[in-house]
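Order of the sequence lines sets the chain letters (A, B, ...), proteins ahead of strands, with each chain counted from 1.
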Protein chains: 4
Amino acid sequence: MLLENLREEVLDANLELVRRGLVLYTFGNVSGISRKDGLIAIKPSGVPYESMKADDIVIADLDGRVVEGKLRPSSDLPTHVELYKRFPKAGGVAHTHSEFATAWAQARRPIPCFGTTHADYFHGPVPVTPDMTPAEIGSEYEKNTGLVICRLFDKLNTEEIQAVLVAGHAPFCWGKSASDASHNAVILESVARMAYYTVGIANDAAPISRELHDKHYLRKHGQNAYYGQVQSK
Amino acid sequence: MLLENLREEVLDANLELVRRGLVLYTFGNVSGISRKDGLIAIKPSGVPYESMKADDIVIADLDGRVVEGKLRPSSDLPTHVELYKRFPKAGGVAHTHSEFATAWAQARRPIPCFGTTHADYFHGPVPVTPDMTPAEIGSEYEKNTGLVICRLFDKLNTEEIQAVLVAGHAPFCWGKSASDASHNAVILESVARMAYYTVGIANDAAPISRELHDKHYLRKHGQNAYYGQVQSK
Amino acid sequence: MLLENLREEVLDANLELVRRGLVLYTFGNVSGISRKDGLIAIKPSGVPYESMKADDIVIADLDGRVVEGKLRPSSDLPTHVELYKRFPKAGGVAHTHSEFATAWAQARRPIPCFGTTHADYFHGPVPVTPDMTPAEIGSEYEKNTGLVICRLFDKLNTEEIQAVLVAGHAPFCWGKSASDASHNAVILESVARMAYYTVGIANDAAPISRELHDKHYLRKHGQNAYYGQVQSK
Amino acid sequence: MLLENLREEVLDANLELVRRGLVLYTFGNVSGISRKDGLIAIKPSGVPYESMKADDIVIADLDGRVVEGKLRPSSDLPTHVELYKRFPKAGGVAHTHSEFATAWAQARRPIPCFGTTHADYFHGPVPVTPDMTPAEIGSEYEKNTGLVICRLFDKLNTEEIQAVLVAGHAPFCWGKSASDASHNAVILESVARMAYYTVGIANDAAPISRELHDKHYLRKHGQNAYYGQVQSK
């Protein structure tokens, strides 16, 4: 069986969404990539999480073709493929319909950085894509979803903002690995929830200052980070 | 005992409402129908879910008369009966007071299709009935609740929109089977919750485009569906 | 030990608040009364629910004096006493700081009857007391809390509306027994939550009609009730 | 090993945040102080709660230098140090990003005392700091966070209001001990949640009267307290 370790990590990253309450029934999908092999491991489509096993995970190539697996891959695979092609540091992609992040996507509003929880993880607002056109929806819809995200990130740093809201749809997150992408999806949901409550208290709430945003982001990321235990960098 | 398999399915479909947090105490009721026998299996009225067994499920005919069962059927049975008579493809009906769907019913507002989660399941807004008249309330209230729903669906497709909000009351859902009806009730609650959050973020939020709505609905339903694993159609 | 059965019921009615998520730490208190003995059984003050036992329940008379019990009674005992004295059919009283009912009390707004869930249990809006005066707060505060509630109910039916919001404080509920009072507290919280969501969707939402309100209340209460299984009345 | 009992208490006070749902992943940190030894015991930085043990707790002095411990202390240690230096009765400090308290901090609004739950614990509104300046953020940020809090409390009673919202960040709480600080963090979150719902119902909701506020605060605190069981004072 190809890529056993990656399958196990991808399985666990999918189950993390269940453990954190981000998915209902078979909603959501997480993938991971082996850059060396040019192969993606992704959740199968419409299979219950309760019974999912590592060998249900589907292996596909960067053209979205299934290389190994008896089940169909997630129908969102073409979106994952585009992100992997365009974001060279992405090792994992996570897609959920988690309720607060999805509400911001449905409201077509970027999530402003209202506080340091957001700043600890995302170095800027979480952006929202423009609406997809009828032509983009009509043909190769899932691939075009990926392309719309990629175009939005032409001017954004894909390592410092690892989340996006697809307008009228839901979030996609990514990260160094499948588990990192899942982790970002969980954090995004909490950030989205607190941003929702914030505008409920003060609908003119302002984002935090650039200095505070940078301070928190950089105390956790990059060469001068000092949060957590000492790690090899 | 009549219809043992149907009783078991109806019992499990009722318990699914408990597992998903949609019911409080003895609230809610799910039924299923055997079209061949012209018989409905429905939850008994006011019995705790914890101790409910398959032989507590009541069997009634399409006139709402109990055919087998030592307990009284749900007092909403006459509503279920009308839906079965008018919606020939309905194999199950689920009624809950789940909190967000009920809030939309209490606000007497249809749930707009704000995103693809909604579009994946319901091919249009989830409609709300007009208020019932004093005459409709005064006599045969539960039957009239069914008739009010049916009149509303004269111009709607009962297979593509399998949920309704009864004004000032709560939702009714249906589906191919009892478990499908329950599943739709769970999805409706999540859709209602996200719609609530959406209007909290942007009270002028607009529905998604017809193209996106169709795309998501049709990738999961009908002969060109490609979501999930290959199934016999 | 006096009134063992009542102690057990009162213990269980207090624990029901825990099971339903209505209390935090030692918040809340439920009591029951033996009208025959003129004695009240009530939760002790500030004792953790996890370790509470039937013999921790305190027995007091209708002057609020402890008759049996090694612990202090809930500091709200004088409020319970006034309700028992004024509401002759009340067999139990439950007080919580459950979050949505408390929010309505803090907003000093009665809970309108927005739907049939409310109508199934409360035959009218859930009223809110006027603010207590400095004199009422300054001396015999807990007793005066009860008197303020009683005055409010001079023109209300204490059997048909078994809940009140004390302004700037929280709800008190009552019922035929301690467990019935607890049950009403749980229902009130759900009704308060749905009413909150309702005004969030439509801040001009209107109550349901008098006919629908009566219909639902009376199909569950009184001599023509037909909800649930046949019971001795 | 230094201060074994304190380590155990601090560990348990940290785990209380997990049990009450106040923390996500490694968020949050609680410390306790031995005034006699001039030593602080604090959660290590970025360590999962699931595997945390008493000997992972880090011991530091009042200059913030680690005295014992193989792990790095929480990066917020300098904030805790300032609070201990300035608030002589504080025996413990708890910092969380609990969602509702954080939302008020992000909205930069003090939490008004809308009800008696608040009044039972905090003798005044829960204040919010001014925004930190670029200079305060640029150097010794965590220490300056503490100093900003201390300046705000120049005119407030640090024993009667044991919580603060740091603007654009999150709450800090304190108390007689580590477990008391944790307890206050749990209460604050509930108070913040109910205040959020209150303004959702009536955005012009007014605080309770000074008399009611004092009454509830003083029936639980100080020499005339009568809530709970008799304790040595």
Checking heavy atoms, do the side chain of T26(B), its backbone, both or neither come under 4.5 Å from chain C?
both

Check for me whether R20(C) meets the cation-pi criterion with Y25(B), that is, NZ or CZ under 6.0 Å from the six-membered ring centre and within 45 degrees of the ring axis.
yes

Does NZ in K176(C) sit with more than 12 non-hydrogen atoms of other residues, nucleotides or ligands closer than 6.0 Å?
no

Side chain, backbone, both or neither of D204(C) within contact of chain B (heavy atoms, under 4.5 Å):
side chain

Exceeds 12 heavy-atom contacts within 6.0 angstrom, atom CG of D214(C):
yes

Which word best sums up how the rings of Y197(C) and F100(B) line up, parallel for under 30°, tilted for 30 to 60°, or perpendicular for over 60°?
parallel

Which atom of I137(B) lies closest to which atom of S209(C), heavy atoms considered
CD1-OG, 4.0 Å

For the student: nearest non-hydrogen atoms of Y227(C) and S45(B), plus distance:
C-OG, 3.8 Å

Chain B contact via H216(C) - side chain, backbone, both or neither, heavy atoms under 4.5 Å:
side chain

At a 4.5 Å cut-off on heavy atoms, which part of A195(C) comes close to chain B: side chain, backbone, both, or neither?
backbone

What heavy-atom pair brings R219(C) and Y141(B) nearest, and what distance separates the two atoms?
NH1-CE2, 4.1 Å

Can you establish whether the number of heavy atoms outside K155(B) located under 6.0 Å from its atom NZ is more than 12?
no

For chain B, which of G200(C), A205(C), S190(C) has the most heavy-atom pairs under 4.5 Å?
S190(C)

What's the spacing between K70(B) NZ and Q229(C) CD if we round to 0.5 Å?
9.5 Å

Could you tell me whether K89(C) atom NZ has more than 12 heavy atoms of other residues or ligands within 6.0 Å of it?
no

Reported CZ-to-OG1 distance for the pair R193(C) and T102(B), which is rounded to 0.5 angstrom
11.5 Å

Expected output: side-chain R108(B) to main-chain A206(C) donor-acceptor under 3.5 Å
yes

Under 4.5 Å from a heavy atom of chain B, the part of R210(C) involved
neither

Is it the backbone or the side chain of V47(B) that comes under 4.5 Å from a heavy atom of chain C, or both, or neither?
side chain

Taking atom CE of M194(C) and atom NE2 of H97(B), what is their separation to the nearest 0.5 Å?
7.5 Å

Tell me, for P73(B) versus chain C, whether the close heavy atoms (under 4.5 Å) come from the side chain, the backbone, both or neither.
neither

Separation between CD1 of I111(B) and CD1 of I201(C), rounded to the nearest 0.5 Å:
7.5 Å

Locate the shortest heavy-atom distance separating G115(C) from Q106(B); write the atom from each residue and the value.
CA-OE1, 3.4 Å

Need one label for D120(C): side chain, backbone, both or neither, based on atoms under 4.5 Å from any heavy atom in chain B.
side chain

